[in-house]
Amino acid sequence: MSENIEKDAAPLDFIREMIAEDVKNGKHGGKVITRFPPEPNGYLHIGHAKALCLDFGVAAEHGGRCHLRMDDTNPTKEDMEYVESIIKDIHWIGWDWGEHLYFASDYFGQFYEYAIELIEKGLAFVCDLTADEFKDTRGSLTTPGVESPYRNRSVEENLDLFKRMRDGEFEDGAKTLRAKIDMSHPNIHMRDPAIYRIRRFNHFRQGDKWCIYPMYDYAHPLEDAIEGVTHSLCSLEFEIHRPLYDWVIENVSVESRPEQTEFARLNLTYTVMSKRKLLELVKGKYVNGWDDPRMPTICGLRRRGYTPASIRNFCTRIGMTKVNSLTDVALLEHCLREDLNKTANRVMGVMDPLKVVIENYPEDETDWLDAVNNPEDPDSGSRKVPFTRELYIDRSDFMEDPPKKYFRLSPGREVRLRYGYFITCNETIKNDAGEVVELRCSYDPETRGGSAPDGRKVKGTIHWVSVNESVKAEVRLYDRLFTVENPGADGVDYLTQLNEDSLEVKECYVEPSVSDSKPGALFQFERQGYFCVDDDSTDELLIFNRSVALRDSWAKMNK
RNA sequence: AGUCCCGUGGUGUAAUGGUAGCACAAGUGAUUCUGGUUCACUUUGUCGAGGUUCGAAUCCUUGCGGGACUGCCA
């Protein structure tokens, strides 16, 4: 793993530069401790990959460490299923946190003690305002807020009330603990924000131990401080929360001084990245679970044939800035093609079969021909492909009336069957409807293996399988998840678009060697222009990576 | 409207006062037993206006544009 990660070493971005500077200056004792803090309320997606590759990557680059921390402070949305998936997906991408797996909920006791400290310092108070009243008195973006009538309760009263909040004496929402800062602060988050709310809900790890739960703005800086995190990296929307983050660190007796730095989150063209919307797709059964290959989740990408290396590489190439950007999904696909071209074994397959009969080839003979597994990897070896009198080729590889620059089979023309023989089309057989249903061809026995001793060349090389010796496989064709112009925008009807044509089931014929493949094995289908993966969850089925199709120049020529 | 953040080819990013570079995308050509890969080449950019300076993408002023913030979510 370390080899790969070294290979992926990211260029210097503003965060890496800042951290390098801190290390140089001996800030935080010259240490780099980061954390990746997902809330376990959904599966990780490619956007999380960007964040976690930074968190784990930058720590590794400085010999520091990165903690995996479940930010489980809101019991109503969280679940162990998500915890497990997060752990699995990060490991799969190739990062490890050693023993440093933490849960924010394990700090609930400490959070409580620190809250008491704030109350004792006169920096927090119990407020009886309802949510609506709170909202009404908070002011607006342009007008200051009004101080709560409960703001000046005595320390003793606050202490007593807060204890009784914890002991379950009050109803949900009846009271909050608020930080006492400044109701006229231009930053709304500093206007006496709530730091504890009463919420009776069974926490997936703490059960009913607590009925009060800390808010993110209060809990997060403490989590970082407790763990000794030096650099707390998060996305841009938390930028405006930073003054509160710093306020908590300054006013509570924690030793470490973590610092928050923000970067822009990933947006991808055609891709819905919102956890809320992805959850909607799963719950509404628009997709077959979080790992549906149409999902931009890590596990969805995995089933779609994405490799860990390709995802890490993508994350280093998109860079790290504070600019709101929209990255072309073509870059992600490029990163995968780049990896797969080097590593994926090739195999021949026919999606839309057209029968070819080699008239001068004996009926009961089978010739096992050598085929190279991966021309770009000398160590990948070779396999045997059966050649018989009756073959299938792809319908798109034959044209009765070929336009100029069509290199493949047509009446009277000679082409190469890859790793096989040169064949010439002598006759087309049609059905009553006038459709071509069979080709009568002849082969040149001298061209076994695919080259002619007389040195003559053919323009086209096509793929083929034996009628009798091939394997029939069901194939699911997946499109990109969404083809919406502005997937991030509200009101975009992405659900309908998903149902229309993002999934197509077909049958195809493939070489017999495919049936020996292991689930999860990756192939590049010869000449077909697709990568595919042997699905590890549905046995025997193949998924084609339509979105990772090799460039289809022929289709473009016809446009 | 207020506070904060951000503006570099079509897209994503380098250049931290000194030749605007890289990648993706697009295009042209060559090679090729995958119309893939590979290789070569080409097109396209510093948001506008002032200022400081020998010199500005970079510093200053200002305009314009984009984003975040008005959960007892994270």
Side-chain angles (χ1 to χ4, degrees), chain A residues 11-14 17 37-39 41 71-74 76-78 104 127 129-132 134-135 138-145 172-178 185-191 193-199 212-213 215-217 219-220 234-243 262 264 266 269 275-276 317-335 337-338 341-342 346 348 371-372 375-376 405-408 416-420 422 449-451 457-463 524-529 549-557:
Chain A
L12 234 52
D13 49 64
F14 80 103
E17 214 164 280
E39 182 185 14
N41 67 348
D71 207 358
D72 55 348
T73 57
N74 179 0
T76 64
K77 299 194 290 182
E78 297 152 4
C127 181
L129 254 30
T130 65
D132 284 341
F134 184 11
K135 198 173 172 181
R138 186 170 36 212
S140 73
L141 297 174
T142 47
T143 55
D172 285 13
K175 289 184 185 347
T176 55
L177 183 70
R178 295 174 66 180
H185 196 107
N187 182 339
I188 290 179
H189 296 280
M190 297 294 274
R191 318 237 258 234
I195 57 176
Y196 262 99
R197 76 277 209 184
I198 306 172
R199 180 164 297 180
I212 56 170
Y213 290 94
M215 302 289 294
Y216 169 88
D217 281 324
H220 206 87
C234 64
S235 49
L236 233 35
E237 67 265 31
F238 294 105
E239 199 164 36
I240 202 150
H241 297 243
R242 192 180 346 129
E262 311 83 10
L266 174 69
T269 53
K275 244 194 208 179
R276 202 201 83 233
R317 289 170 73 151
I318 52 178
M320 208 43 85
T321 63
K322 291 175 92 99
V323 187
N324 293 297
S325 58
L326 180 61
T327 299
D328 194 337
V329 74
L331 180 59
L332 177 62
E333 292 171 350
H334 167 82
C335 290
R337 272 197 299 266
E338 188 178 57
N341 267 323
K342 282 182 283 203
R346 273 60 162 170
M348 292 194 282
V372 173
E376 295 182 42
K405 294 219 171 182
Y406 185 81
F407 303 149
R408 288 167 270 170
R416 174 191 293 114
L417 295 178
R418 187 154 160 89
Y419 299 123
F422 286 12
S451 52
K457 302 272 184 194
V458 286
K459 274 273 198 177
T461 299
I462 64 176
H463 57 135
Q524 187 186 121
F525 266 36
E526 291 284 356
R527 259 280 302 91
Q528 193 69 23
L550 308 174
R551 293 182 185 83
D552 192 349
S553 308
W554 172 243
K556 259 182 264 169
M557 283 165 66

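Because the structure is predicted, anything quoted here is derived from the model rather than measured. Proteins get letters first, then strands, A, B, ... in listed order; numbering begins at 1 in each.
- Proximity of A/Arg346 to the phosphate of B/U37: no side-chain N or O atom is located under 4.0 Å from OP1 or OP2.
- For A/Asn74, counting side-chain heavy atoms from C-beta on, the closest listed nucleotide (B/C73, B/C72, B/C24) is B/C73.
- For A/Thr142, taking side-chain heavy atoms from C-beta onward, the closest of the listed nucleotides B/G2, B/C73, B/A68 is B/G2.
- Of the side-chain N and O atoms in A/Arg197, one or more sit less than 4.0 angstrom from OP1 or OP2 of B/A74.
- Closest to the A/Val323 side chain, of the nucleotides B/G12, B/C6, B/C73, is B/C6.
- Ranking B/U34, B/C6, B/U11 by closeness to the A/Asp328 side chain, first place goes to B/U11.
- Using a 4.0 Å heavy-atom criterion, one finds that A/Glu39 contacts the sugar-phosphate atoms exclusively.
- Formation of a donor-acceptor pair under 3.5 Å by the A/Arg191 side chain with backbone atoms of A/His185 is found in this model.
- Cation-pi geometry between A/Arg138 and A/Phe134 is met: the NZ or CZ atom falls under 6.0 Å from the ring centre, inside 45° of the normal.
- Residue A/His463 contributes atom NE2, which lies 12 Å from atom C1' of B/G36 at whole-angstrom precision.
- Heavy atoms of A/Leu129 sit under 4.0 angstrom from at least one base atom.
- A/Tyr213 comes within contact range of no nucleotide atom at all, as no heavy-atom separation falls under 4.0 Å.
- When each of B/U13, B/A25, B/A15 is scored by its nearest atom to the side-chain atoms of A/Glu17, the top-ranked nucleotide is B/A15.
- Residue A/Arg191 places none of its side-chain N or O atoms closer than 4.0 Å to OP1 or OP2 of B/C69.
- Of all nucleotides listed (B/U34, B/G12, B/C72), B/C72 comes nearest to the side chain of A/Phe134.
- Across all strands shown, A/Arg317 has heavy atoms under 4.0 Å from sugar-phosphate atoms exclusively, and none from any base.
- In the set B/C69, B/G12, B/A23, B/C69 carries the atom at the smallest distance from any side-chain atom of A/Ile240.
- Atom-to-atom, NZ of A/Lys135 to C1' of B/U70 comes out at 8 Å; the value is rounded to the nearest Å.
- Look at A/Arg138 and you'll find a side-chain N or O under 4.0 angstrom from OP1 or OP2 of B/G71.
- Remark: A/Thr321 is not in phosphate contact with B/G12, judged by side-chain N or O atoms under 4.0 Å from OP1 or OP2.
- Here B/C69 is the nucleotide among B/C69, B/U16, B/G12 with the atom lying nearest to any side-chain atom of A/Ile188.
- Formation of a donor-acceptor pair under 3.5 Å by the A/Asn187 side chain with backbone atoms of A/Ile240 is found in this model.
- Comparing B/U70, B/A74, B/C73 by their nearest atom to the side chain of A/Tyr216 picks out B/A74.
- Among the nucleotides B/G12, B/U3, B/U34, the one closest to any side-chain atom of A/Thr327 is B/G12.
- Look at A/Lys275 and A/Glu39 and you find no salt bridge, because none of the NZ, NE, NH1 or NH2 atoms lies under 4.0 Å from a carboxylate O.
- Taking only distance into account, the side chain of A/His241 never meets the base of B/A68 through a donor-acceptor pair shorter than 3.5 Å.
- Note on A/His334: a side-chain N or O is less than 4.0 Å away from OP1 or OP2 of B/C24.
- Spacing between atom CD of A/Glu338 and atom P of B/C24 amounts to 8 Å, rounded to whole angstrom units.
- Here B/C73 presents its C1' atom at 8 Å from CZ of A/Arg199, a figure rounded to the nearest Å.
- For B/G2, the OP1/OP2 oxygens have no side-chain nitrogen or oxygen of A/Thr143 closer than 4.0 Å.
- Between B/U16 and B/G7, the distance separating the two P atoms is 15 Å to the nearest Å.
- Across all their heavy atoms, A/Thr73 and A/Tyr213 have their closest contact at O-CB, 3.6 Å.
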Practice item. Whenever both distances are under 3.5 Å in a Watson-Crick or G-U wobble pair, mark it; put RNA chain B into dot-bracket that way, with [ ] for crossing pairs and | when the partner is on another strand. Key: .((((((..((((....[..)))).(((((.......)))))....(((((..]....))))))))))).....
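- In B/G51 the O4'-C1'-N dihedral to the base is more than 90° from 0, which defines an anti nucleotide.
- Between B/U8 and B/A23, the two C1' atoms lie 15 Å apart (nearest whole Å).
- A/Leu236 pairs in a side-chain contact (heavy atoms from CB on, under 4.5 Å) with only one of the listed residues (A/Val323, A/Asn324, A/Thr321), which is A/Asn324.
- At a threshold of 4.0 angstrom between heavy atoms, the contacts of A/Arg178 with the nucleic acid are absent.
- Not a single donor-acceptor pair, N or O on each side, falls under 3.5 Å between the base of B/G67 and the side chain of A/Glu239.
- Rounding to whole angstrom units, OH of residue A/Tyr196 and C1' of B/C72 are separated by 14 Å.
- Of all non-hydrogen atoms in A/Cys335 and A/Arg317, the two that sit nearest each other are SG-CD, 4.0 Å.
- A/Phe238 has its side chain out of reach of A/His220: every pair of non-hydrogen atoms, C-beta onward, lies at least 4.5 Å apart.
- With hydrogens and angles disregarded, no donor-acceptor distance shorter than 3.5 Å links the side chain of A/Thr461 to the backbone of A/Arg416.
- Using the six-membered ring where Trp is involved, A/His189 and A/His241 have ring planes that are tilted, between 30° and 60° apart.
- Dashed line: the shortest gap from a side-chain N or O of A/Arg337 to OP1 or OP2 of B/A25 is under 4.0 Å.
- A straight line from CZ of A/Phe407 to P of B/U31 spans 12 Å, rounded to a whole angstrom.
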